[in-house]
Amino acid sequence: MWSHRPWRRNFRQVILHPEPQTMETFSSKDLALQAQKKILSRMASKSMVNMFIDETSSEILDELYRVSKEYTKNKTESQKVIKNLIKIAVKIGVLFRHNRFSPEELVLAEDFKNKLHNGAMTAISFYEVEFTFEKDVLPDILMECKKLLLRLVEKHLTPKSHGRIQHVFNHFADSEMLNQLYDPKGSLRPHLQKMCHGLNKLIDEGKL
């Protein structure tokens, strides 16, 4: 499932001492694998959790990276936001697999999942139905998702991780970036098409 990449190496080196990378060698799947290994190696539990980001999810993340990079013109920032997204996803996955959430927190998790699903459906609808895009809708949904997620992990993750959540959601809730993304004649349109195709697939498979 994991494709071999020549730049794969210790995740700490990738995060703390990144070397110059081209868009083609920036792989969300490899980052997810390295994050998994790093986080699981620190856990006291002897059980090794089989965690991964599937092919479709990694493709969506790679398109998000490309959108961010093209919009911000800042490769370093774009890589950082995707790395933060992956770190948070893996850490929350570890918490779920080890049943660390209380019944009340699981209700929050379900609310977050439903809100994220609603956001995905809205994003797809704005793409598939012309002239329906409203610039404030997706940012509002993303901010609501952020609030729910911060409440969910409040007692489990560090302030540094909370900051990563803030960084990811604030970055992609940029209304001007979304305006350019949904511009029918804009340069970001091909990335939106691929992301919506992936989101549809995840929804059809019951993963989102």
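Treat the numbers as computed from the prediction; the structure is a model and nothing was measured. Note that the numbering runs from 1 along the sequence shown for the chain.
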Which residues satisfy the salt bridge (Lys or Arg N to Asp or Glu O under 4.0 Å) test with Glu130, sequence neighbours excluded? none
Going by the rule ring pair (Phe, Tyr, Trp, His ring centres under 6.0 Å), which residues pair with Phe101 if we only count those two or more places apart in sequence or in a different chain? Phe96, His156
For the student: nearest non-hydrogen atoms of Arg189 and Asp183, plus distance: CD-O, 3.8 Å
Which atom pairs, one a donor and one an acceptor, fall under 3.5 Å between side chains of residues 120-127 and the rest of the protein, sequence neighbours left out?
residue : atom : partner : partner atom : Å
Thr122  : OG1  : Asn118  : O            : 2.8

Let me confirm one number: the CG-CZ distance from Leu149 to Arg151, rounded to the nearest 0.5 Å. 11.5 Å
Which heavy atom of Val81 sits nearest to which heavy atom of Ser78, and what is that distance? CG1-O, 3.2 Å
Does Leu157 reach the side chain of Arg164, with side-chain heavy atoms less than 4.5 Å apart? no
Determine, using the 4.5 Å side-chain heavy-atom cutoff (strictly less than), whether Val107 and Leu148 are members of one ILVMFWY cluster. no
For Glu77, what residues pass the side chain to side chain donor-acceptor pair (under 3.5 Å) criterion, not counting sequence neighbours? His167
Ile60/Glu63 under side-chain contact (heavy atoms from CB on, under 4.5 Å): CA gap, chis, key distance, verdict: CA-CA 5 Å; Ile60 293 172; Glu63 292 305 320; 5.8 Å; no
Pairwise distance CG(Leu108) to CG(Leu152) - rounded to 0.5 angstrom: 6.0 Å
Student check: side-chain heavy atoms of Val153 and Ser161 closer than 4.5 Å: no
Reported CG-to-CG distance for the pair Asn99 and Leu106, which is rounded to 0.5 angstrom: 8.5 Å
Just wondering, do Val168 and Ile88 contact through their side chains at under 4.5 Å, heavy atoms? no
Check Met143 against Ala173 and note the closest heavy-atom contact, atom names and distance. CE-CB, 3.5 Å
The reported gap from OG1 in Thr56 to CG in Asn200 (rounded to nearest 0.5 angstrom) is 11.0 Å
In this structure, CD of Glu70 is separated from CD of Gln180 (nearest 0.5 Å) by 8.5 Å
Output for pair (Glu59 CD, Leu202 CG), nearest 0.5 Å, gives 9.5 Å
Are Ile203 and Leu64 co-members of a hydrophobic cluster defined by side-chain heavy atoms under 4.5 Å apart? yes
If you define the side chain from C-beta out and look only at heavy atoms, does anything of Asn84 sit under 4.5 Å from His171? no
N/O donor-acceptor pair under 3.5 Å between Ser68 side chain and Tyr65 backbone: no
Note, Lys75 side chain near Gln79 side chain (heavy atom, < 4.5 Å): yes
Mind telling me whether Phe112 and Phe169 have parallel, tilted or perpendicular rings, with 30° and 60° as the class edges? perpendicular
Which residues pass the side chain to side chain donor-acceptor pair (under 3.5 Å) test with Lys207, sequence neighbours left out? Asp54, Glu205
Do Leu138 and Phe172 have side-chain heavy atoms sitting under 4.5 Å apart? no
Which side chain to side chain donor-acceptor pair (under 3.5 Å) pairs, counting each pair once, include a residue from residues 135-148, with sequence neighbours left out? Lys115-Glu144, Lys146-Gln166, Lys146-Asn170
Is it the case that atom NE2 in His197 sees more than 12 heavy atoms from other parts of the structure closer than 6.0 Å? no
